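Working notes for the structure below.
Predicted model only: the values in this text are computed from it and were never measured. Letters go in sequence order (proteins before strands), and every chain restarts at 1.
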There are 2 protein chains.
Amino acid sequence: MNVQRRRTKILNLIRTRPVLSQSQLSQRLKAEGCHATQATLSRDLRALNLVKTHAGYKLPDQLGANGDNTERQRLTIIQFMVEVQAAGNLVVVRTHPGNASPVALSLDTIGWKEIVGTVAGDDTILVVTANAATARLVRRRLLALNN
Amino acid sequence: MNVQRRRTKILNLIRTRPVLSQSQLSQRLKAEGCHATQATLSRDLRALNLVKTHAGYKLPDQLGANGDNTERQRLTIIQFMVEVQAAGNLVVVRTHPGNASPVALSLDTIGWKEIVGTVAGDDTILVVTANAATARLVRRRLLALNN
DNA sequence: GCCCCAAAAGAATAAATATGCAAACAAGCG
DNA sequence: CGCTTGTTTGCATATTTATTCTTTTGGGGC
């Protein structure tokens, strides 16, 4: 079994279902008639530039999607957010200078369906919501983030 | 030092320069007056949903960027690519049925500046290049991928 | 204050991953 | 073929990470 074929198999396995460890990967490969030790797989995974998440090895592309984790976003927001106001169907978020971008990214990925989209400047973010009531709701939730 | 502040520090450290191991992270935190053992950091990294790459721990966002690795793309392309033709400033890539998407993604991320963009169907990809000569060049490079 | 509960952290250790080194293998050349 | 050179792999092991179990910490309520 040559390097190329083995690595292709690895990619296919990882694309289809979670692979949690290198020994698990070794077993699944063996089931397909491809023998390799953990040491070899360690080298393969590096060559393929795969990353290890708590849910298994992933292609870098497969990552942005599974953003069900919000702890990181929450911390970024409370770290930089200075002031929040609702204005019509917008929420205006002020941040420490220069830090609007990371906060906006967090708002985009935190998974609140009330947030339609965001526009970030240097220290100001406009968060677009459906209507004024929703804007006020989002404002309240932002203020409540630091428990 | 409470959880929230420590995790914020972790995010900042990781955003600024590579953190290769949890013990290294522990040392850098200590240098900022924040003591924590490796066990605690293991739990923090999971809570923050960070991923481990061969170049250190990263935020999922930081990943698409460092795509200097092409081995994965190369394997995906040679696995599914069936035929390549140049036509004007386009390259037409045929793949095994249903596999145009992963190949197109690989073409998009392999980092060839000659490739302006791609459109994928079910088993066909149109690769847009600047002109006919470039299209022929890309075709040749694709054919040469399987060494 | 004291007591109780829950969350957080550490110590010890199990589990997983990376790596130095030697053996196996492959490709080219005389 | 036999020799050299470079790559790939496995084995043994060092290093790193996850987990279990225990201790500490940080609030409420009284």
Side-chain angles (χ1 to χ4, degrees), chain A residues 1-11 13-14 17-60 63 66 69-72 74-75 78 144-147, chain B residues 1-11 13-14 17-60 63 66 69-72 74-75 78 144-147:
Chain A
M1 176 65 53
N2 71 54
V3 193
Q4 244 177 55
R5 283 180 58 73
R6 186 183 61 243
R7 291 191 180 160
T8 300
K9 275 180 189 297
I10 291 175
L11 287 176
L13 282 174
I14 280 174
R17 62 196 165 122
V19 173
L20 295 176
S21 74
Q22 296 177 5
S23 13
Q24 186 184 61
L25 180 55
S26 172
Q27 297 200 312
R28 293 198 181 158
L29 282 170
K30 192 153 57 180
E32 301 201 5
C34 181
H35 180 264
T37 62
Q38 173 268 322
T40 299
L41 297 180
S42 171
R43 292 183 271 244
D44 283 348
L45 295 183
R46 166 193 275 253
L48 294 171
N49 224 344
L50 297 177
V51 304
K52 191 190 184 195
T53 77
H54 91 284
Y57 290 93
K58 301 276 184 219
L59 304 168
L63 275 180
N66 64 344
N69 169 283
T70 59
E71 179 61 5
R72 201 177 64 246
R74 187 178 141 262
L75 285 171
I78 65 182
L145 275 185
N146 35 2
N147 282 0
Chain B
M1 178 64 53
N2 73 54
V3 194
Q4 245 176 55
R5 284 180 58 74
R6 186 184 60 244
R7 290 189 181 161
T8 301
K9 276 180 189 295
I10 292 174
L11 287 177
L13 282 175
I14 280 173
R17 62 196 163 123
V19 173
L20 294 177
S21 75
Q22 297 177 5
S23 14
Q24 186 184 61
L25 180 56
S26 172
Q27 296 200 312
R28 294 200 181 157
L29 282 170
K30 191 153 56 179
E32 301 201 4
C34 181
H35 181 265
T37 62
Q38 174 269 322
T40 299
L41 297 180
S42 171
R43 291 182 273 243
D44 283 348
L45 295 182
R46 166 192 275 252
L48 293 170
N49 224 346
L50 296 176
V51 304
K52 191 189 186 195
T53 76
H54 87 87
Y57 289 93
K58 301 277 184 221
L59 304 168
L63 275 179
N66 64 344
N69 169 282
T70 58
E71 178 62 4
R72 200 179 64 247
R74 187 177 141 262
L75 285 172
I78 66 182
L145 275 186
N146 34 2
N147 284 357

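- Nearest nucleotide to the side chain of A/V3, out of D/dT17, C/dA18, D/dT8: D/dT8.
- Between D/dT9 and A/T37, no contact under 4.0 Å exists linking OP1 or OP2 to a side-chain N or O.
- With hydrogens and angles disregarded, no donor-acceptor distance shorter than 3.5 Å links the side chain of A/S42 to the backbone of A/Q38.
- Looking only at distances, a side-chain donor or acceptor of A/S26 sits under 3.5 Å from a matching main-chain atom of A/A36.
- Atom CG in B/L20 sits roughly 17 Å away from atom P in C/dT17 (whole-Å rounding).
- Between B/L41 atom CG and C/dA8 atom P the separation is 15 Å, expressed in whole Å.
- When rounded to the nearest whole Å, the span between CD of B/Q27 and P of D/dT16 equals 10 Å.
- Residue A/S21 is classed as a sugar-phosphate contact, given heavy-atom separations below 4.0 Å to backbone atoms only.
- Checking the phosphate oxygens (OP1, OP2) of D/dT16, no side-chain nitrogen or oxygen of B/Y57 falls inside 4.0 Å.
- Rounded to whole angstrom, the span from the CD atom of B/Q22 across to the P atom of D/dT16 amounts to 10 Å.
- We find the NE2-CG distance between B/H54 and B/L20 to be 10.0 Å, quoted to the nearest 0.5 Å.
- Between the CD1 atom of A/I10 and the C1' atom of D/dT9 there is a distance of 13 Å, rounded to whole Å.
- Whole-Å rounding puts the A/D44 CG to C/dA18 C1' distance at 13 Å.
- In this structure, B/H54 reaches neither bases nor backbone, as no heavy-atom distance under 4.0 Å exists between it and the strands shown.
- Nearest nucleotide to the A/R43 side chain, out of D/dC21, C/dA12, D/dC11: D/dC11.
- Applying the 4.0 Å criterion to OP1 and OP2 of D/dT9, one finds that A/R6 has a side-chain N or O inside that range.
- Within the structure, every side-chain polar atom (N or O) of B/Q38 is placed at least 4.0 Å from both OP1 and OP2 of D/dT15.
- Contact annotation: A/S42 does not reach the phosphate of C/dT17 (side-chain N/O to OP1 or OP2, under 4.0 Å).
- One interatomic measurement links the two molecules: CZ of B/R5 to P of D/dT25, which rounds to 19 Å at whole-angstrom precision.
- Side-chain N or O atoms of A/R7 include none that pairs as donor or acceptor with a backbone N or O of A/D44 at under 3.5 Å.
- Between the CG atom of B/L50 and the P atom of D/dA18 there is a distance of 11 Å, given to the nearest Å.
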Take A/L11 and A/L59 through the test side-chain contact (heavy atoms from CB on, under 4.5 Å) and record every step on the way to the result. CA-CA 8 Å; A/L11 287 176; A/L59 304 168; 3.6 Å; yes
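- Closest contact between the side chain of B/R46 and the listed nucleotides D/dA18, D/dT19, C/dT17 involves D/dT19.
- Judged by closest nucleotide on DNA chain C, B/A39 is the one of B/A39 and A/K52 placed further toward the 5' end.
- Checking the phosphate oxygens (OP1, OP2) of C/dG10, a side-chain nitrogen or oxygen of B/T40 falls inside 4.0 Å.
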